[in-house]
Amino acid sequence: MTLVRTLATDDSAEPLVSPVSSYNEWDPLEEIIVGRLEGSRIPANHPVVSCNVPPWAARMQGLAAGRRYPRLLVERAQRELDAFVGLLESLGVTVRRPDAVDHGRRFGTPDWSSRGFCNTCPRDSMLVIGDEIIETPMAWPCRYFETHSYRAVLKDYFRRGARWTAAPRPQLTEDLFEEGFRVPGPDEPMRYILTEFEPVFDAADFVRAGRDLFVTRSNVTNRMGIEWLRRHLGPGYRIHEIESRCRTPMHIDTTFVPLAPGKVLVNPEYVDVDRLPGILDSWDVLIAPEPTPIRDPLLKLTSMCGRWLSMNVLMVDERTVIAERHHTEMLRALERWGFEPIPCDLLHYAPFGGSFHCATLDVRRRGALESYFD
């Protein structure tokens, strides 16, 4: 779908064709934003951060909060990221990047102050729905101004015809966070660190399938945030919640990943397939294989992500998928299911927040808004 607007001038109305147009996770990819590693800092110490990362990473993060990442971690991840960008460009995809900034600078509001984190994962801070980019109200204080590093790109898209929206900037006071929060045990009722004080959400807790979006409530996305997006998008879209059995939920793209019309990849540890929304009854539910274990001691210690990062793939089109070379069982499963996986290395990006889906924001895919359900 080509979205055309007009830009009023003194003399005439100039037609604009929006460079932003993406409705799902699988239409042919034409343009994408890829994050940066430069200037990254270990995230500031805060309960909403430590409750969302593996215990060993939380202990390390608390000791090193605000400091630069070790050079060895940055160099290994940078080599893989450069190769990933080269792969995308070789496939004919236009790649845009945020500005490199120093995330060690302190900032704050009247209620709190923090240093930054990084701009490695544009998937978290921005959500693309059609020709609109929405800046999300994230719950981590260290990510409060993260989208500023993307402003040059966002302003360019806006001038060329895209819609650009920012959700209400949250206060992030102590009223948003449950005092003395403790991660629930496996036999305890689910609970979250977030209250319903104000709307907050990460874009990475949503995935898109045309007129239908799927979301997980998590320790960075509350019900108020989901409702804000539902009202903002209006009656042309439906939002369905996916129940997660993860005790520390954060981001849907290692839990429930639509791959193509009628096909969705699910995490058997986190998802009870018998409790999926009924709208998915006509879809093939593909069960992710066990991830290949990570043997590297340093990577196991510093990763901010769980073991199911093997599911964090990027669709180039509804058959072609970029997936982690290390996770051989996932590559074989994708082939069995009729996809054409392209193995690529991004294993050492995990200390900075993710893999292929996290590290990107697909800005333009060649396709129109459709409904993929009865």
Side-chain angles (χ1 to χ4, degrees), residues 32-44 49 52-54 56-61 63-90 93 95-104 115-126 140 142-143 146 149-150 202 204 250-251 253-254 291-314 322-328 330-331 342-362:
I32 200 164
I33 299 174
V34 177
R36 280 192 182 275
L37 286 156
E38 293 91 338
S40 298
R41 295 281 178 147
I42 296 168
V49 177
N52 278 319
V53 297
W56 55 89
R59 289 193 291 271
M60 178 179 177
Q61 177 266 326
L63 294 171
R67 299 183 181 182
R68 296 183 185 276
Y69 276 86
R71 181 179 297 179
L72 176 62
L73 294 182
V74 177
E75 290 176 347
R76 294 200 300 183
Q78 188 66 60
R79 284 194 296 270
E80 294 179 348
L81 185 64
D82 290 344
F84 174 46
V85 170
L87 171 61
L88 289 167
E89 291 175 337
S90 74
V93 179
V95 177
R96 304 291 301 270
R97 309 295 298 277
D99 294 333
V101 298
D102 178 11
H103 294 277
R115 287 188 171 86
F117 173 33
C118 58
N119 49 7
T120 54
C121 296
R123 185 72 58 177
D124 304 349
S125 60
M126 294 172 289
W140 284 21
C142 60
R143 307 190 75 173
E146 192 171 305
S149 61
Y150 299 91
D202 277 15
M250 180 179 173
H251 300 167
D253 49 12
T254 55
T292 305
I294 305 297
R295 304 298 185 191
D296 184 335
L298 181 60
L299 191 55
K300 290 172 66 175
L301 179 67
T302 59
S303 173
M304 293 185 64
C305 309
R307 68 192 189 99
W308 290 97
L309 203 57
S310 56
M311 294 178 59
N312 203 257
V313 300
L314 178 69
I322 299 174
E324 173 57 54
R325 190 188 312 275
H326 173 81
H327 291 292
T328 53
M330 177 61 73
L331 294 170
I342 301 176
C344 187
D345 296 307
L346 206 61
L347 202 62
H348 294 93
Y349 212 67
F352 305 91
S355 191
F356 301 108
H357 196 257
C358 299
T360 57
L361 182 69
D362 39 310

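The salt bridge (Lys or Arg N to Asp or Glu O under 4.0 Å) pairs that include a residue from residues 74-83 are R76-D296, where partners are two or more places apart or lie in different chains.
Nearest heavy-atom pair across C358 and G353 is SG-O, 3.9 Å. When all heavy atoms are compared, the tightest approach of F352 to C118 is O-SG, 4.0 Å. Of all heavy-atom pairs spanning V313 and H357, the tightest one is O-CB, 3.4 Å. Pairing each heavy atom of D102 with each of R41, the nearest pair is OD1-NH2, 3.8 Å. Summarising the geometry of V49 relative to W140, their closest heavy-atom pair is CG2-CD2, 3.7 Å, with the distance given to 0.1 Å. Considering every non-hydrogen atom in both P122 and I33, the closest pair reads CG-O, 3.9 Å.
For the atom pair C142 SG and I42 CD1, the distance stands at 11.5 Å (nearest 0.5 Å). The SG atom of C121 sits 8.5 Å away from the CE atom of M304 when rounded to the nearest 0.5 Å. Within the model, atoms CG of D253 and CG of D124 stand 8.0 Å from one another, a figure rounded to the nearest 0.5 Å. For the atom pair Q78 CD and R71 CZ, the distance stands at 13.0 Å (nearest 0.5 Å). Atoms CG and CE, on L309 and M330 in that order, are 10.0 Å from each other to the nearest 0.5 Å.
At least one side-chain heavy atom of I322 sits less than 4.5 Å from a side-chain heavy atom of F84. Within the 4.5 Å cutoff, no side-chain heavy atoms of Y349 are placed close to those of S355. Residues N119 and H103 form a side-chain contact, since some pair of their non-hydrogen atoms from C-beta on lies under 4.5 Å apart. At least one side-chain heavy atom of L298 sits less than 4.5 Å from a side-chain heavy atom of L73. Between V74 and S40, every side-chain heavy-atom pair lies at or beyond the 4.5 Å cut-off. You'll find the side chain of N312 stays beyond 4.5 Å of the side chain of L346, heavy atoms only. Using a 4.5 Å cut-off on side-chain heavy atoms (C-beta onward), Y150 and S125 make contact. Considering only heavy atoms from C-beta on, I294 stays 4.5 Å or farther from S303 through its side chain.
Between the side chain of Y69 and the backbone N or O of L37, no donor-acceptor pair lies under 3.5 Å.
Heavy-atom neighbours of R97 CZ from other residues, nucleotides or ligands within 6.0 Å: above the threshold of 12.
Looking at residues two or more places apart in sequence or on another chain, you find a salt bridge (charged side-chain N to carboxylate O under 4.0 Å, His left out) between R36 and E38.
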Passes side-chain contact (heavy atoms from CB on, under 4.5 Å), R96 versus I32? Steps please. CA-CA 6 Å; R96 304 291 301 270; I32 200 164; over 6 Å; no

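We find that D202 and R123 are not joined by a salt bridge, their nearest charged nitrogen and carboxylate oxygen being 4.0 Å or further apart.
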